[in-house]
Protein chains: 2
Amino acid sequence: MVRDGSAAERRFEGRLRSLRSAGHRITAQRRAVLRALAMMGCACGAEDVHARARRIYPRLGLVTVYRTLAALVREGLAQTVQLDDGRVRYELRDDGRHHHHLVCLSCGSIARLEACALGRLQSAGLRRGFRVTAHRLELFGYCEDCQPSGGRHEAR
Amino acid sequence: MVRDGSAAERRFEGRLRSLRSAGHRITAQRRAVLRALAMMGCACGAEDVHARARRIYPRLGLVTVYRTLAALVREGLAQTVQLDDGRVRYELRDDGRHHHHLVCLSCGSIARLEACALGRLQSAGLRRGFRVTAHRLELFGYCEDCQPSGGRHEAR
DNA sequence: GTATTTGCAAAAGTTTTGCACATCC
DNA sequence: GGATGTGCAAAACTTTTGCAAATAC
């Protein structure tokens, strides 16, 4: 990847700046984690990020990955995603915008879904005095390549 | 609790019957787990279920709770909920109907939200060839008793 | 009577913590 | 130079597995 002045590169530098202005120091390890996250698309486990980031900074420890991911989440630069396996997944936030996930029950693929139709639910929360500031939604089912024949899996 | 012919009690017996007809045996342990789940409302961790069910069947092991919960989920009688702490939560499904959760970021309380406005998202998935059969949604924010003064927490 | 279930102990897997050393600003 | 960050090893936590004894049907 050429480190030109592309939009992706500007976003990368912006995230570094955000981290720095939040009082964190910029180290080679954190650059590596951030770059790995940016290259990997959505919903990666810490171990995956570690493997990818090690190709950039080989001495990187898994512990540092966890600590960096926690910092990114704390500063609002990344967010967690929880699927059905017991592990926490991470992804960068794209600043303002916001997406959900289509998780295929057959092949496990995870695709982004940009639509967000939660307005009605948010107001249902409000009506009960609950101020909604965040939400998490995952849609499960079968992707185009995995349309099942039977009807074994029902809606949850 | 009086084991009368109330609606709750009929639902309890119905769940036992479902388990049995799915080929599982009905043991005192499974009765205790099921009853504990029914009494506890939504989104309880396995450890909580264990503690509650032990008041009914004191010798109950945690392992049995895990195995029973897994069986209930497999048979569609219960479902899992994943919040931000790393543990899996369980709740009984109320047969057909379907609810989401309002999770207070301040006090941690979890309330049921019966509304479901996912139609638009489901069709957005379909448009991409993805057949949505299940979803999971959690709304986070502040409950009536915990309305914050500042604006520290933004939407995710 | 036989297959299923249980409980214990131990294992597995992910995530966190303590601490000495290194590094950023 | 001093606070912050890193890596290792070990701990903490939830969840799973192996196995002999107990139990449902």
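Order of the sequence lines sets the chain letters (A, B, ...), proteins ahead of strands, with each chain counted from 1. Heavy atoms only: backbone and side chains are in, while hydrogens, waters and symmetry mates are out.
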B:L16 has an atom CG; how far is it from atom P of C:dT5, in whole Å? 14 Å
On DNA chain C, nearest-nucleotide positions of A:R67 versus A:G45: which is more 5'? A:G45
Atom pair distance, as rounded to whole Å: CG in A:L19 and C1' in D:dG5: 13 Å
Verdict with reasoning, A:H100 to A:L139, per side chain to side chain contact (heavy atoms under 4.5 Å, CB included): CA-CA 8 Å; A:H100 300 294; A:L139 301 174; 5.8 Å; no
Judged by each residue's nearest nucleotide on DNA chain D, which is more toward the 5′ side, B:A28 or B:A70? B:A70
OP1 or OP2 of D:dG7 under 4.0 Å from side-chain N/O of A:T64: yes
Rounded to whole Å, please give me the gap between CZ in A:R89 and C1' in C:dT14. 13 Å
Whole angstroms only, please: what is the CZ-P distance between B:R30 and C:dT4? 11 Å
Classify A:R59 by what it touches in the nucleic acid, base, sugar-phosphate, or nothing, heavy-atom distance under 4.0 Å. sugar-phosphate
Does C:dG7 have OP1 or OP2 sitting under 4.0 Å from an N or O in the side chain of B:Q29? yes
How many Å lie between OH on A:Y66 and P on D:dT6, as a whole number? 16 Å
Atom CG of B:L69 and atom C1' of C:dT6 are separated, to the nearest Å, by 15 Å
Tell me whether the side-chain N/O atoms of A:T27 come closer than 4.0 Å to OP1 or OP2 in D:dT4. no
Ranking C:dT5, C:dC25, C:dC8 by distance to the side chain of A:R20, first place goes to C:dC25
Smallest heavy-atom separation, A:H101 atom then A:I110 atom, equals CD2-CG2, 3.7 Å
I need the OH-C1' distance between B:Y90 and D:dT14, as an integer number of Å. 10 Å
For B:R136 and B:T80, run side chain to side chain donor-acceptor pair (under 3.5 Å): C-alpha distance rounded to whole Å, both residues' side-chain angles, the deciding distance at 0.1 Å, then the answer. CA-CA 9 Å; B:R136 173 171 299 151; B:T80 59; 3.1 Å; yes
Residue closer to the 5' end of DNA chain D, B:A46 versus B:I26 (nearest nucleotide): B:A46
Side chain to side chain contact (heavy atoms under 4.5 Å, CB included) with B:H50: which of B:V33, B:L62, B:T64? B:L62
Heavy atoms only, 4.0 Å cut-off, all strands: where does A:R25 land among base, sugar-phosphate and nothing? base
Minimum-distance nucleotide to A:L60 side chain [options: D:dT6, C:dT6, D:dG7]: D:dG7
To the nearest Å, how far apart are B:H50 NE2 and D:dC13 C1'? 16 Å
Of the candidate nucleotides D:dG18, C:dT17, D:dT14, which contains the atom at the shortest distance from the side chain of B:R87? D:dT14
Using only side-chain N and O atoms of A:H24, determine if any of them is under 4.0 Å from OP1 or OP2 of D:dT4. no
Do A:R35 and A:F12 form a cation-pi contact, if we require the NZ or CZ to be under 6.0 Å from the six-membered ring centre and within 45 degrees of the ring's axis? yes
